[in-house]
Student: 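Attaching a single structure in structure tokens format; questions to follow.
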Amino acid sequence: MGLITRQEVSKQFKLRRYSLQAAALQEVLSFVKRFEDDDPHEALDLLLDHLDQEPLKSSNLDKGTIDRVVAALLEVDEASASHSSSLWFVDAFVIPKFRYDPIKKIFYECTGALPIHGNAHAKTALYRDRFELLSQRLSRNPHFSRPIFESQSSSFGCCEIVPIQNLNWQTGCRWIMGVISQLEDGHYYLEDLTASVEVDLSSAISCYEGVIQWQTVNYAPSIKEITTGFFMENTIVVAEGEKLPNGIFKVNTCGFPPIEDREESLSFVGGLDFFGCGTFTNEETKRFADMEKKAVNDMFVILSDIWLDEEETMAKLREVLEGYESVEVVPSLFILMGDFCSSPCSLSFHFFASLRSQFGKLGKMIAEFPRLKEHSRFLFIPSPDDAGPSSVLPRCALPKYLTEELQKEIPNALFMSNPCRIKFYSQEIVVFRRDLLYRMRRSCLIPPSTAETSDPFAHLVATIIHQSHLCPLPLTVQPISWNHDHCLHLYPTPHTIILGDRSEQKSFNYAGVTCFNPGSFSSAHTFVAYRPCTREVELSALLCLRLEGWSSTLMQNDTLIEFDILNTFSYI
């Protein structure tokens, strides 16, 4: 083999969480042998980078998969190959599944098959995994653990979490942690792994009374810590109250489990790959971070609700593409999210044939802009209401029948699951398309606290980050595949979350996480330009507004103001 051996190839693939069949390994060796005179290790890295961008159904790679990627690599030039190495795309169905062992206090990977249709045990495991994920996080928080010396508890008011079954023989105010469930119609319970108790939420307020904020100098406690977010069924809360003689736990204060710093979570998981993009050494991570800071020209353009069957939407999309075609450095990535049709999906053949044709027209439109076609990548993410098997999350990629006409025009187009994950050098980005805000507000049991903010989008962001889950709605509101619930986990917390929602365009930074919603492009013509090197979010829109009262000259000329693609105003 020369400069690289079979063992080295196998090791590099295992680091990216891939396994190779015998025939696939031989194909990899044949490909790397082409570059013996240059750098075979660089060729192998390039092959792995392109594999990360493929919508793979399994991490066990066969010969056909390797052949397809090798053929694509041999066709592209060196410039485009080096550019694509800055981005890794992760389909939801290849994300590894980890579970927490409360006895050994470690995470372990589940290596068995994960069928789409799970059994009853899989549904139970869904709630258990969510609870144990937040429970192990809470156990490291000093405010909710038993102090070493009893005098500390009385002096500083520690909020020790007790199992719900202990309420049967412990009196007075206690702190418990549990999942909000409606075991009987109109009656809500808190459940943990030991028992359940009916709760009275009528007088509950959304804050932690008396939670200690440890100060570095005098350990002075603050009065309260407000919890922002929506409290719904299926959400996990920490509640303080007392069990009454009638067996009901009267909640005085409740809130979500506190957030844990990303770096602390990473140090605890011990190098496990929760994101699904492979593990990297500390040196590689530092190198990627330096490269990310230097990538000042990279920009992502995110659009949601691209109705291909509406002429006005397509005309507005053409304006966006025309604007970015003319800039000095074109965006490196366009993210287009569903719905891709203005009407609900129909099972008739005419509907699918029409949608296939509309994707083909979109491909021809993009092909009219040669700079975008050559230097930009196009990522398509379906909504749960798009054409496909069902609205259950996670949602698989768009069917190949619908997209192959577009793929012929735009070979570098990618079709991924919903949600999907993107890694830009060292930055982890999660993309999710679902109208969450409307559903969360409808399912809310306690009015959200307005002490910190009254912005509903801020409450939405706080809910998913505290819950470490993209969609903590009841399963009756949003069905989730029981065996693939881990694909929606947000642990460790990513750097950026992109939420495609039809609500108003918003951006919000919460606990160091950048989260934004591009809004509905078809309804409001809004979109977002995101610069990953600085994590800067530019809320953009295509507007045409008549101005009145600005100046006599403008009014006389019947002046119109138009929002430019570069997020600036120009007058015509």
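Note that this is a predicted model, so its numbers are computed, not measured.
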Student: Tell me which pairs pass salt bridge (charged side-chain N to carboxylate O under 4.0 Å, His left out) where either residue lies in residues 475-493, with sequence neighbours left out.
Tutor: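 Listed once each, the pairs are Arg130-Asp485.
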Student: Do Thr526 and Leu539 have side-chain heavy atoms sitting under 4.5 Å apart?
Tutor: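 They are not in side-chain contact.
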Student: Kindly indicate whether the side chain of Lys364, heavy atoms from C-beta on, has any atom under 4.5 Å from the side chain of Glu405.
Tutor: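 Of all side-chain heavy-atom pairs linking Glu405 with Lys364, none is under 4.5 Å.
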Student: Assess the pair Phe378 and Phe334: is the distance between their ring centroids shorter than 6.0 Å?
Tutor: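 Under 6.0 Å, so yes.
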Student: Assign the ring pair Tyr425 / Phe288 to parallel, tilted or perpendicular, where the plane angle (0 to 90°) is split at 30° and 60°.
Tutor: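 Geometry flag for Phe288 against Tyr425: tilted rings.
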Student: Please list, chain by chain and in numerical order, all residues satisfying side chain to side chain contact (heavy atoms under 4.5 Å, CB included) with Ser503, sequence neighbours excluded.
Tutor: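 Counting only residues at least two positions away or on another chain, Ser503 forms a side chain to side chain contact (heavy atoms under 4.5 Å, CB included) with Leu437, Asp501, Asn517.
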Student: Strictly distance-based, threshold 3.5 Å: is any side-chain N or O of His469 a donor or acceptor partner for the main-chain N or O of Cys471?
Tutor: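 Judged by distance alone, yes, a pair lies under 3.5 Å.
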Student: To check you understand the geometry: which heavy-atom pair defines the closest contact between Asn234 and Leu473, and what is its length?
Tutor: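 Minimum heavy-atom contact is ND2-O, 3.3 Å.
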Student: Run through Arg535, His495, Glu292 and flag the one making a side chain to side chain donor-acceptor pair (under 3.5 Å) with Gln427.
Tutor: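 Exactly one candidate clears the test, Glu292.
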Student: Hey, are the side chains of Leu414 and Phe89 touching, using non-hydrogen atoms and a 4.5 Å cut-off?
Tutor: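 Yes, side chains in contact.
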Student: Under the criterion side-chain contact (heavy atoms from CB on, under 4.5 Å), I'd like the reasoning laid out for Ile498 against Val430: C-alpha separation, chi angles, the key distance, then a yes or no.
Tutor: CA-CA 6 Å; Ile498 302 174; Val430 176; over 6 Å; no
Student: Donor-acceptor pair, His375 side chain versus Pro370 backbone, under 3.5 Å?
Tutor: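 No, because the side chain of His375 does not come within donor-acceptor range (under 3.5 Å) of the backbone of Pro370.
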Student: Distance-only, no hydrogens or angles: does the Glu325 side chain make a donor-acceptor pair with backbone N or O of Arg371 under 3.5 Å?
Tutor: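 Yes; judged by distance alone, with no hydrogens or angles, the pair exists.
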Student: So, are Arg421 and Glu428 salt-bridged, with charged N and O less than 4.0 Å apart?
Tutor: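 Looking at Glu428 together with Arg421, the answer is no, because their closest N to O distance does not fall below 4.0 Å.
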Student: When you measure from the side chain of Thr463 to the backbone of His459, do you find a donor-acceptor pair of N or O atoms at a distance under 3.5 Å?
Tutor: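 A pair under 3.5 Å: yes.
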Student: Taking the six-membered ring for Trp, are Phe230 and His466 ring centroids under 6.0 Å apart?
Tutor: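 No, too far apart.
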Student: For the residue pair Phe424 and Phe300, is the inter-centroid distance of their aromatic rings smaller than 6.0 Å?
Tutor: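 Under 6.0 Å, so yes.
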Student: Using only atom types and a distance under 3.5 Å, with no angle test, would you say the side chain of Asp273 pairs donor to acceptor with the backbone of Pro96?
Tutor: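 Pair absent, no side-chain N/O of Asp273 close to backbone of Pro96.
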Student: Between Gln358 and Ser354, is any side-chain donor less than 3.5 angstrom from a side-chain acceptor?
Tutor: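 There is such a pair (donor and acceptor under 3.5 Å, judged by atom type) between the side chains of Gln358 and Ser354.
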Student: Sequence neighbours left out, what passes side chain to side chain donor-acceptor pair (under 3.5 Å) with Arg439? Give chain and number order.
Tutor: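 Residues passing side chain to side chain donor-acceptor pair (under 3.5 Å) with Arg439: none at all.
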Student: Is there a side-chain contact between Thr228 and Ser449 (heavy atoms, below 4.5 Å)?
Tutor: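 Thr228 does not reach Ser449 side chain to side chain.
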Student: So Leu308 and Thr313, do their side chains get closer than 4.5 Å, heavy atoms only?
Tutor: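 In short, these two side chains do not touch, never coming nearer than 4.5 Å.
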Student: Please say whether the positively charged group of Arg356, taken as NZ for Lys or CZ for Arg, lies over the ring of Tyr401, i.e. under 6.0 angstrom from the six-membered ring centre and within 45 degrees of the axis.
Tutor: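 Yes, a cation-pi geometry.
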Student: Under 3.5 Å, is there a donor-acceptor pair between the side chain of Gln478 and the main chain of Ser391?
Tutor: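 Confirmed, Gln478 side chain pairs with Ser391 backbone.
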Student: Between Glu409 and Lys373, is the closest basic N to carboxylate O distance under 4.0 Å?
Tutor: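 No, this pair does not count.
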Student: Could you check if a side-chain atom of Phe340 sits within less than 4.5 angstrom of a side-chain atom of Leu398, using non-hydrogen atoms only?
Tutor: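 They are in side-chain contact.
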Student: Please report the shortest heavy-atom distance between Gly338 and Ser304, naming the atom on each side.
Tutor: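 Between these two residues, the closest heavy atoms are O-OG, 3.6 Å.
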Student: Heavy atoms, side chains only, cut-off 4.5 Å: are Thr496 and Tyr530 in contact?
Tutor: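 Of all side-chain heavy-atom pairs linking Tyr530 with Thr496, at least one is under 4.5 Å.
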Student: Can you name the side chain to side chain contact (heavy atoms under 4.5 Å, CB included) partners of Pro492, sequence neighbours left out?
Tutor: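 By the side chain to side chain contact (heavy atoms under 4.5 Å, CB included) rule, Pro492 matches Arg262, Ser265, Leu266, Phe274.
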Student: side-chain contact (heavy atoms from CB on, under 4.5 Å) between Phe527 and Ile302: does it pass, once the steps are laid out?
Tutor: CA-CA 6 Å; Phe527 60 97; Ile302 302 97; over 6 Å; no
Student: Tell me, please, which residues at least two apart from Asp290 pass salt bridge (charged side-chain N to carboxylate O under 4.0 Å, His left out).
Tutor: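 Expected list: none.
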Student: Could you tell me whether the side chain of Asn418 and the main chain of Ser383 form a donor-acceptor pair under 3.5 Å?
Tutor: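 No, Asn418 side chain to Ser383 backbone: no donor-acceptor pair under 3.5 Å.
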Student: Taking the six-membered ring for Trp, is the centroid-to-centroid distance between His484 and Phe93 below 6.0 Å?
Tutor: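 Yes.
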Student: Should the pair Arg433-Asp305 be classified as a salt bridge under the 4.0 Å nitrogen-to-oxygen rule?
Tutor: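 Yes, Arg433 and Asp305 are salt-bridged.
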Student: Which heavy-atom pair separates His489 from Leu133 by the least distance, and what is that distance?
Tutor: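 Here His489 and Leu133 meet closest at ND1-CD2, 4.0 Å.
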Student: Where do Pro382 and Met416 come nearest, in terms of heavy atoms and distance?
Tutor: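 Shortest heavy-atom separation between Pro382 and Met416 comes out as CD-O, 3.2 Å.
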Student: Is there a donor-acceptor contact under 3.5 Å linking the side chains of Asp309 and Ser342?
Tutor: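 Present: a donor and an acceptor within the cut-off.
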Student: Should Leu379 and Leu336 be marked as a side-chain contact (heavy atoms from CB on, under 4.5 Å) after you check the CA-CA gap, both sets of side-chain angles, and the distance that decides it?
Tutor: CA-CA 6 Å; Leu379 173 63; Leu336 285 76; over 6 Å; no
Student: Less than 4.5 Å apart, side chain to side chain, heavy atoms only: is that true for Phe13 and Leu61?
Tutor: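 SC-SC contact between Phe13 and Leu61 confirmed.
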Student: Given 3.5 Å as the limit, does a donor-acceptor pair link the side chain of Ser520 with the main chain of Ser523, or not?
Tutor: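 Indeed, once roles are kept as given, a pair shorter than 3.5 Å links the two residues.
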Student: With sequence neighbours excluded, what pairs up with Glu233 under the salt bridge (charged side-chain N to carboxylate O under 4.0 Å, His left out) test?
Tutor: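 For Glu233 there are no salt bridge (charged side-chain N to carboxylate O under 4.0 Å, His left out) partners, ignoring immediate neighbours.
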Student: When you measure from the side chain of Gln407 to the backbone of Ala413, do you find a donor-acceptor pair of N or O atoms at a distance under 3.5 Å?
Tutor: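 Looks like yes, one N/O pair under 3.5 Å.
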